[in-house]
Amino acid sequence: MLGFDFDDTLVLKGNGGAIDPQFFECIQWIRSTYGAAWGIATGRSLHQLIEGFQEAQFPVLPDFVVARERELYFPGQFGRWVPHDEWNTRCERDHHKLFRKSKRVLAKIRKFIENKTEAEWVSVEGDAAGIVASSSAEMDVIQAYVEELSKHANLTFERNSIYLRFSHRDYNKGSGLVQAAERWGVTPNHILAVGDNYNDLSMLQPEICGACGCPGNSVPEVRDFIEKRGGKVADKPGCEGVMEILSHYFDR
Ligand SMILES: [Mg+2]
């Protein structure tokens, strides 16, 4: 099973959301030769991801999607996406409980964000608590502050460059990937995960995937992690880098 991040892994900023058609040829070849399932694990909402598929002119749909770093969907009939009811319901319930329990600490963080930084606190339907910083350097400072405060057993966060989303420790791209793999009876040692940013680290762990890689434009923390794990750090950025990783693991 293949699990890929979307932004800055498959599509690069400033590329108009395009993906090299050769990438899809690679994917189709691996799907038909190895019977592999292929999916996307992203911080985007399902709606935003579907827009991304359209912009990138996906000729085929993936076999699964992990959206908002935690919700799981499979393709249904007529291009509709069907939620994994059991997983998504449990995920929503656990987050609801967690945010209620963490009200005070989240309020304190919000106060810090609104009074001491240029960042913005985000709270919308389906996404109760998040932060958008004005720069990556500012998010470094915010991350340090948040790490100090969010020591509640289940409260953690996912960071992607200047974006941060609070979440329950049990739900991330990694656990979403393992849950998706259950559908085909695939075990973690038969998963290849690829991503470029902090929020991809959960799915790049050895207990989640037997093989891993990152494109050449990945943040240093991810590059170092992949290198130390013996995964494939591509020279090229974006989907060209992903194709490099695919040819490293599959013989063609
Ligand atoms: Mg990314």
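Every number for a ligand or one of its atoms is a count from 1 in the order of the listing. As a basis for the values below, the full set of heavy atoms in this structure was taken, side chains included, without hydrogen atoms, waters or symmetry mates.
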request  = State whether R183 and D63 are salt-bridged, where the test is any N-O pair (Lys NZ or Arg NE/NH1/NH2 against Asp/Glu carboxylate O) under 4.0 Å.
outcome  = no

ask   = Quick check: does any side chain N or O of D200 sit under 3.5 Å from a backbone N or O of N197, one acting as donor and the other as acceptor?
value = yes

key: Whether D8 has an N, O or S atom under 2.8 Å from the Mg ion (ligand 1)   = no

query = Under the criterion side chain to side chain donor-acceptor pair (under 3.5 Å), which of H95, E92, Q179, H168 is the partner of R70?
reply = H95

request  = Flag D200 as yes if one of its N/O/S atoms falls below 2.8 Å of the Mg ion (ligand 1), otherwise no.
outcome  = no

ask   = Can you check side chain to side chain contact (heavy atoms under 4.5 Å, CB included) on K108 and Y145, steps first, answer last?
value = CA-CA 11 Å; K108 191 170 177 190; Y145 179 82; 4.0 Å; yes

task = Work out the angle at the Mg ion (ligand 1) between OD1 of D196 and O of D7, rounded to 10°.
result = 90°

Closest D5 atom to the Mg ion (ligand 1) [N, O or S only] = OD2

